[in-house]
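The next block holds one structure in the form of structure tokens; read it before the comments.
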Amino acid sequence: MGNTTSILCLNKKSLKLYKQSIETLMASECFDYMVYKVSDKSELPKEDAEEWLTSVSIDDAIYIILHQGLCKKLRKFAQQKFKKE
């Protein structure tokens, strides 16, 4: 198996929060970021890359934290949305 790189993609709001700290980004209501794993033989898909303002390489521990955080935020969002319907 080849090497993989963890990438964090951000837009303006999430980048501002990320620059403050990962904790600030995680505690926010902001969903405007995504984490990816990319193998050394591939790149981030063009359609995904075009959606984001910037991307940064992150280590695997940060990838896990951010991925879990997004999952929790999306779960909370879905629970709130479907309670209203």
Side-chain angles (χ1 to χ4, degrees):
M1 178 180 248
N3 294 327
T4 60
T5 302
S6 298
I7 299 175
L8 169 62
C9 296
L10 307 129
N11 279 333
K12 191 174 183 178
K13 182 178 180 180
S14 57
L15 179 59
K16 182 178 178 182
L17 294 165
Y18 176 73
K19 284 182 176 181
Q20 291 176 26
S21 72
I22 290 172
E23 292 79 13
T24 302
L25 177 59
M26 296 303 302
S28 75
E29 296 293 320
C30 179
F31 290 85
D32 206 12
Y33 63 96
M34 182 60 68
V35 290
Y36 296 89
K37 287 265 189 192
V38 180
S39 75
D40 59 354
K41 295 181 181 179
S42 67
E43 294 181 357
L44 192 62
K46 185 178 179 181
E47 60 274 4
D48 289 336
E50 290 175 349
E51 183 174 335
W52 304 105
L53 176 66
T54 192
S55 63
V56 293
S57 292
I58 54 175
D59 64 33
D60 288 341
I62 299 300
Y63 171 89
I64 291 168
I65 291 167
L66 293 172
H67 186 270
Q68 288 175 339
L70 273 174
C71 291
K72 288 176 184 178
K73 287 181 182 190
L74 290 171
R75 180 175 184 246
K76 181 179 176 183
F77 175 79
Q79 287 174 333
Q80 291 172 346
K81 175 138 177 84
F82 292 115
K83 277 185 182 179
K84 293 178 183 179
E85 294 179 357

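By convention here, the first residue in the shown sequence is residue 1. Since the model is a prediction, treat every value here as computed from it, not as a measurement.
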- Query: Roughly how far, to the nearest 0.5 Å, is SG of Cys71 from NZ of Lys76?
  - Reply: 15.0 Å
- Note on the structure: Sequence neighbours excluded, the answer for side-chain contact (heavy atoms from CB on, under 4.5 Å) partners of Glu50 is Lys46
- Item | Contact check, side chains of Lys16 and Leu10, non-hydrogen atoms, under 4.5 Å | no
- Any link between Leu15 and Phe31 through a network of hydrophobic side chains (Ile, Leu, Val, Met, Phe, Trp, Tyr) touching at under 4.5 Å? no
- Task: Flag yes if more than 12 heavy atoms outside Lys73 fall under 6.0 Å of its NZ atom; otherwise flag no.
- Result: yes
- Message: Looking at Glu29, I want to see if its CD is surrounded by more than 12 non-hydrogen atoms of other residues, nucleotides or ligands under 6.0 Å.
- Response: no
- Would you give the length of the straight line joining atom CG of Asp32 to atom CG of Leu53, rounded to the nearest 0.5 angstrom? 9.5 Å
- Where is the tightest heavy-atom contact between Leu25 and Ser28, given as atom of each residue plus distance? O-OG, 2.7 Å
- Task: Any chance you could lay out the side-chain contact (heavy atoms from CB on, under 4.5 Å) test for Ile58 and Val35, step after step, and finish with the verdict?
- Result: CA-CA 9 Å; Ile58 54 175; Val35 290; 4.1 Å; yes
- Item | Spacing of NZ belonging to Lys72 relative to NE2 belonging to His67, to within rounding of 0.5 Å | 12.0 Å
- Treating Ile, Leu, Val, Met, Phe, Trp and Tyr as nodes and any side-chain heavy-atom pair under 4.5 angstrom as an edge, say whether Met26 and Phe77 lie in one connected cluster. no
- Query: Would you say Leu74 and Tyr36 are hydrophobically clustered, going by side-chain heavy atoms of ILVMFWY under 4.5 Å?
  - Reply: no
- Item | Spacing of Leu17 atom CG and Lys12 atom NZ [to the nearest 0.5 Å] | 12.5 Å
- Here the gap from Asn11 atom CG to Trp52 atom CH2, rounded to the nearest 0.5 Å, amounts to 5.5 Å
- Note on the structure: Here the gap from Tyr33 atom OH to Tyr18 atom OH, rounded to the nearest 0.5 Å, amounts to 11.5 Å
